[in-house]
**Student:** 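Before anything else, here's the structure in question.
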Number of protein chains: 2
Amino acid sequence: MNIRRLADHLNISIGTVSRALNNRPGVHPETLEKVLKAATELGYVANQSGRSLRRGATNTIGFVIETGHPAHQAGDQFFYVVLDAMNLYLAEQRYDLVVLPCHSADDPVEFLSRVIARGIVDALVMTATRRVDHRIAQLAKSKLPFMTLGRSETPGNYSWIDLDFEGVARRSVQEVVKLGHRRIAVGLPDNDVALGYHYKAGYLKGLAEAGIAVDESLIIRVPTSEVGGFSLGKQVAGMADQPTALLLCSEVTAAGVYAAFGETGVEAGRDISIVAFRENPLMRFLNPAPACFRLDLDALGTRLGETVLDLLSPDEEISRRRGEIVPLSFVPGKSLQPPRAGS
Amino acid sequence: MNIRRLADHLNISIGTVSRALNNRPGVHPETLEKVLKAATELGYVANQSGRSLRRGATNTIGFVIETGHPAHQAGDQFFYVVLDAMNLYLAEQRYDLVVLPCHSADDPVEFLSRVIARGIVDALVMTATRRVDHRIAQLAKSKLPFMTLGRSETPGNYSWIDLDFEGVARRSVQEVVKLGHRRIAVGLPDNDVALGYHYKAGYLKGLAEAGIAVDESLIIRVPTSEVGGFSLGKQVAGMADQPTALLLCSEVTAAGVYAAFGETGVEAGRDISIVAFRENPLMRFLNPAPACFRLDLDALGTRLGETVLDLLSPDEEISRRRGEIVPLSFVPGKSLQPPRAGS
DNA sequence: ACAACTTTCGTAAACGTTTACGAGTCGACC
DNA sequence: GGTCGACTCGTAAACGTTTACGAAAGTTGT
């Protein structure tokens, strides 16, 4: 079923049919209705290849994920919920969403080259943004509009949305300091993901505000995963001069930390206060419940959709690239206690 | 950069260029090399819309996920790893993979209609297959080749790959029976997902083989999620005539069950033996480690890729639709102990 | 030297849309 | 009645490919 068959069936020209379906002006209300009716009856939907070829646009947004990269995939529904909300918004705006999984073993630059050249999407949402990110330079050179989830230090004309990792870290320090902690450890990712730098910056700022000297031995880098968290927990538990608080920039590491504590007899809250990153369903099963930060994933997904479609707006003002930082709200937890008298 | 510009640059016709790039026969080796060289130099990649329009094929496989549905998303990397492997295989065969998230609130049939009509993919891999699945009837009616991950009872000409839920359940029963258990409970999903039926079938078969009568009160349906598992754990812990073993057909429920046990003083292994479903990294952090089943996700992803591409083969024999059941191997765990003398 | 065949390449049509352009009809107004 | 504009629609070109077909050139065989 193509537009010609539909037009023949109605005894009108394909031009009129096309105009009707795209509700362009200048088509008689009566014919408009006839066309729409026949289209739904015959189940006609415009072929995407023909349409994109002619219009030079595909009405599709690409969401690029790194399938081998553990940081953004581990252990919860972050992406599913965000995708869900984003997809919903895009569908309202008559856009389609495709997820483009970039294999971890692949060269991401080569992967993007293909995506760009094939002209399969009108714009891209990038994830797992690195502090220096070659993909950004590449996309900036191409003319494909894009945005990133997570900012980067690589310059380029693009929009971004980032979680307020710095604010979260700073607030975490404030909360533990308020309870009397002075020896505050932090677990950071061991790779170049941008969030690690912002989290560390907030941590340092918090310490400075509290007049606490930085102890490099309390800044510990581990993979962002349960296993990484386990290693982190073991390390902390085994330190001679144990910290009294531990801040985490990822929720999946929290599970590992708790497991390691369980094996070493350290008790979260009593021995070491814990502040995890994002609140998620899994945390209901950690005992004592870790203090953490709440993020509205639905709102984030919608905002991603809005931002990426803004890039495509013909209105110069709207399509201008901009950055946005999403705040998170503090959620208290039993893992947060004053340091023991002995410490 | 389109094929015309490339041809002009080489002073040959676009026909020859196209033939060279798709290595069709009948092009001089020398020109072939020139074309290939110029193409990489100028970064030419064929526009997908033009190509699909002409060929009627997109060289793209769609992977449909349900974003609102908890069963196939909760709490681990199942999909990421499978996607990764599948993507790798497809890339080797010069196919692209796109993930098509179907919003939970959307009508899946309408969603598929769009996908089909727009002609955006050459074949589909469906997930979260239901026992009676309207999508299958719809796809069977359309001419789009497809396969499902998880079989369905809805008839239709399609291939499927399913995990051996029945075998796992049966083996689980055998393992606990071997230790002396007779009162064996099972947690099943509370919706129409096909796996629930197969798991139950295996459970019943296992009981029959052991000569154990079925007790309907031991067949408990809960949502496939941590929260559902929590509820399941509470229910079991609160039963007057407590079962001595509990079989689970989803790993995410295991976390919830353990949490509920923790709150109610029931100890896995000592009070109730547990057999979880799929081994995953999260389980390292459940204590005592649950017995479970090992699945090679990489192999599964590759197999999905092979199977879906087979559908597209011109060879009648290869493209014939077929079903395949993937076995899982038993992994012992400390959650599995003989029943206490008292019971 | 000519026919017949092979190798290589150019030409043009086709895929299904959208849209610029022009043609036709109708009513209003002078 | 003729001019003008508004409204509606049909025609055809264009998007970038692939491929059937035929042409040109070269090769072989007689």
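Reminder, nothing fancy here: chain letters follow the sequence lines and each chain counts from 1. The figures that follow rest on heavy atoms only: side chains count, while hydrogens, waters and symmetry mates do not.
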**Student:** What does the B/S/- profile of nucleotides 7-18 of chain D look like, 5' to 3', with a 4.0 Å heavy-atom cutoff to protein?
**Tutor:** -SBBB-BBBBBB
**Student:** What pairs of residues pass the ring-ring contact (aromatic ring centres under 6.0 Å, His included) test when at least one of them lies in residues 37-63 of chain A, not counting sequence neighbours?
**Tutor:** Phe63(A)-Phe79(A)
**Student:** Going by atom type alone, with no hydrogens or angles, which donor-acceptor pairs under 3.5 Å involve a side-chain atom of residues 309-317 of chain A and a protein atom two or more places apart or on another chain?
**Tutor:**
from	atom 1	to	atom 2	distance (Å)
Ser313(A)	OG	Asp315(A)	N	3.0
Asp315(A)	OD1	Glu317(A)	N	2.8
Glu317(A)	OE1	Arg320(A)	NH1	3.4

**Student:** Could you give all pairs that pass the ring-ring contact (aromatic ring centres under 6.0 Å, His included) test and reach residues 118-137 of chain A, with sequence neighbours left out?
**Tutor:** none
**Student:** Give every donor-acceptor pair under 3.5 Å between a side-chain atom in residues 136-149 of chain B and any protein atom, sequence neighbours left out.
**Tutor:**
from	atom 1	to	atom 2	distance (Å)
Gln138(B)	NE2	Val109(B)	O	2.7
Gln138(B)	NE2	Ser113(B)	OG	3.0
Ser142(B)	OG	Leu139(B)	O	2.9
Ser142(B)	OG	Leu144(B)	N	3.2
Thr148(B)	OG1	Gly150(B)	O	2.8

**Student:** Which donor-acceptor pairs under 3.5 Å do side chains of residues 22-31 of chain B form with protein atoms, sequence neighbours excluded?
**Tutor:**
from	atom 1	to	atom 2	distance (Å)
Arg24(B)	NH1	Asn22(B)	O	3.4
Thr31(B)	OG1	His28(B)	N	3.4
Thr31(B)	OG1	His28(B)	O	2.7

**Student:** Taking five pairs at each end of the helix from dA1(C)-dT30(D) to dC30(C)-dG1(D), what angle separates the two helix axes (nearest 10°)?
**Tutor:** 60°
**Student:** Got a list of side-chain donor-acceptor pairs under 3.5 Å for residues 91-102 of chain B, not counting sequence neighbours?
**Tutor:**
from	atom 1	to	atom 2	distance (Å)
Asp96(B)	OD2	Arg114(A)	NH2	3.0
Asp96(B)	OD2	Arg118(A)	NH1	2.6
Asp96(B)	OD2	Arg118(A)	NH2	3.2

**Student:** State which residues pass salt bridge (charged side-chain N to carboxylate O under 4.0 Å, His left out) with Glu33(B); sequence neighbours excluded, sorted by chain then number.
**Tutor:** none
